[in-house]
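Notes follow the structure.
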2 protein chains.
Amino acid sequence: MNSDFTLAIHSLAFLALQPDRMSTSIDISESAGVHPVRIRKVLSLLKKHRFIQSKEGTGGGFIFSLDLSEVNLWHIYQLTSEGALQPKCPESNNQCIVGSNMQKVLFTIFLGAEEHLGDYLKNYTIKDVVDLINQKQ
Amino acid sequence: MNSDFTLAIHSLAFLALQPDRMSTSIDISESAGVHPVRIRKVLSLLKKHRFIQSKEGTGGGFIFSLDLSEVNLWHIYQLTSEGALQPKCPESNNQCIVGSNMQKVLFTIFLGAEEHLGDYLKNYTIKDVVDLINQKQ
DNA sequence: CCTACCAGTAACATTTATTGTTACAGTATG
DNA sequence: CATACTGTAACAATAAATGTTACTGGTAGG
């Protein structure tokens, strides 16, 4: 599983806890323990899909632009990691009945698996994640 | 997702279609398009868990040792890929409420996700996979 | 017994994917 | 116009996956 997914969740949760002011990529990167540029890359994707807003220049940064309970983990998974479950099969042998059909069969099965995973991830909104964080506190 | 999982499925499906004779790691590797040693590594795991039997020497190889419908994809996932969904979080900042708790929260969520995935994978036995392969043919 | 064949496995090499870093352009602020 | 940001591309470093070689030991058949 791609860590862009978890970085996105981390960032959104961070922003959710700073609803009144903008947070910079450095703020978030220090919380998440990664390089600010990675944060910007991930957040640039979230911005493109209107989950957050950003502002350049002094006092700029990122801020959550939707209601916390409008965004769930499936939304984020789709942006950052769709297809990640799909295994990368090497080119297999077309002379062989197994080799020639396995790829299609697995593709079908993993497509279903991802849908199924989606049903689970839809149950967690950013609000839920924030609540869980506060509980642990 | 680790490709050991799909290699294991591929190998078992291959063996399932050769129920009366032993198949060598070379036979299987030619079908799957990978190096024989990788096949042996994966199959060594399957053997350890009694899904298959192996025999060394001339005429040796691997053979399925259970009923096709006794083995499902969740069994295989557990052997080859358990924990693969779990994202590898970098050490995050303990000074920060988000950084210090995110890891635990995500761990919990992904544990649930894997269980959920399990429920789906249990629906597919090797027999089902073989049937799908034959259908495509 | 000797040879050919095959699994099992460790050690190492290569390739690919992920992540980190630098650099710089563009924009807002005071 | 200096400072503080985002946005992004290009490149470097690291880590993970995969491939390869080499060797051990079991097995069958001549």
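Below, read A as the first sequence line, B as the second, and so on, with proteins coming before strands; counting in each chain starts at 1. Computed over heavy atoms, backbone and side chain alike; hydrogens, waters and symmetry mates excluded. Computed from a prediction, not measured in an experiment: that's the story for all the values here.
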Check: Between C/dT21, D/dG7, D/dG19, which one does the side chain of B/R38 approach most closely?
Finding: D/dG19
Next item on the list: Identify whether any heavy atom of B/V34 sits under 4.0 Å from a base atom; if not, whether one sits that close to sugar-phosphate; answer base, sugar-phosphate or nothing.
Entry: sugar-phosphate
Next item on the list: Using atom CZ of B/F5 as one end and atom C1' of D/dA17 as the other, report the distance to the nearest whole Å.
Entry: 17 Å
Next item on the list: For A/H35 and C/dA23, give me the distance from atom NE2 to atom P, rounded to whole Å.
Entry: 11 Å
Checklist line | B/H35 (side chain) donor-acceptor with B/V37 (main chain) under 3.5 angstrom | finding: yes
Margin query: Could you check whether any side-chain heavy atom of A/V130 comes within less than 4.5 Å of a side-chain heavy atom of A/F14, counting everything from C-beta outward?
Written below: no
Next item on the list: Give the rounded distance in Å between these two atoms: CG of B/D27 and P of C/dC5.
Entry: 14 Å
Next item on the list: Indicate whether OP1 or OP2 belonging to C/dG8 is found under 4.0 Å from a side-chain N or O atom of B/S54.
Entry: yes
Margin query: What is the distance, to the nearest angstrom, from the CZ atom on B/R21 to the C1' atom on C/dC5?
Written below: 15 Å
Note to self: I need the NZ-P distance between A/K41 and D/dC11, as an integer number of Å.
What the structure shows: 13 Å
Notebook entry, point to check: Out of B/D67, B/L68, B/V71, B/L132, which residue meets the side-chain contact (heavy atoms from CB on, under 4.5 Å) rule with B/K127?
Noted result: B/L68
Next item on the list: Tell me which nucleotide among C/dA10, C/dG8, D/dT18 gets nearest to the side chain of B/S3.
Entry: D/dT18
Check: Between A/D4 and A/T58, which has a closest nucleotide on DNA chain C that is more 5'?
Finding: A/D4
Note to self: Membership question, hydrophobic clusters at under 4.5 Å side-chain separation (ILVMFWY): are B/L17 and B/M22 in the same one?
What the structure shows: no
Notebook entry, point to check: Rounding to a whole Å, what distance do you find between B/R40:CZ and D/dT18:P?
Noted result: 18 Å
Check: Which whole-number value in Å describes the distance from B/L15 CG to C/dA7 C1'?
Finding: 14 Å
Checklist line | Candidate nucleotides C/dG26, D/dA28, C/dC6, ranked by approach to the side chain of A/E56 - the nearest | finding: C/dG26
Note to self: Please compare A/L7 and A/G57 by the position of their nearest nucleotide in DNA chain C and report the one closer to 5'.
What the structure shows: A/L7
Note to self: Looking at C/dA7, I'd like to know if its phosphate oxygens (OP1 or OP2) sit under 4.0 Å from a side-chain N or O belonging to B/S25.
What the structure shows: yes
Check: Between B/K55 and D/dA28, does any side-chain N or O lie under 4.0 Å from OP1 or OP2?
Finding: yes
Next item on the list: Using a cut-off of strictly less than 4.0 Å, decide whether A/K47 has a side-chain nitrogen or oxygen near OP1 or OP2 of D/dG7.
Entry: yes
Note to self: By nearest atom, which of the nucleotides C/dG8, D/dC5, C/dT22 is closest to the A/V37 side chain?
What the structure shows: C/dT22
Note to self: By nearest atom, which of the nucleotides C/dG8, C/dT9, D/dT6 is closest to the B/F62 side chain?
What the structure shows: C/dG8
Next item on the list: Using modelled atom types only, decide if a donor and an acceptor are shared between the side chain of B/S31 and the backbone of B/D27 within a distance under 3.5 Å.
Entry: no
Checklist line | Gap between atoms CE and P, on B/M22 and C/dC6 respectively (whole Å) | finding: 12 Å
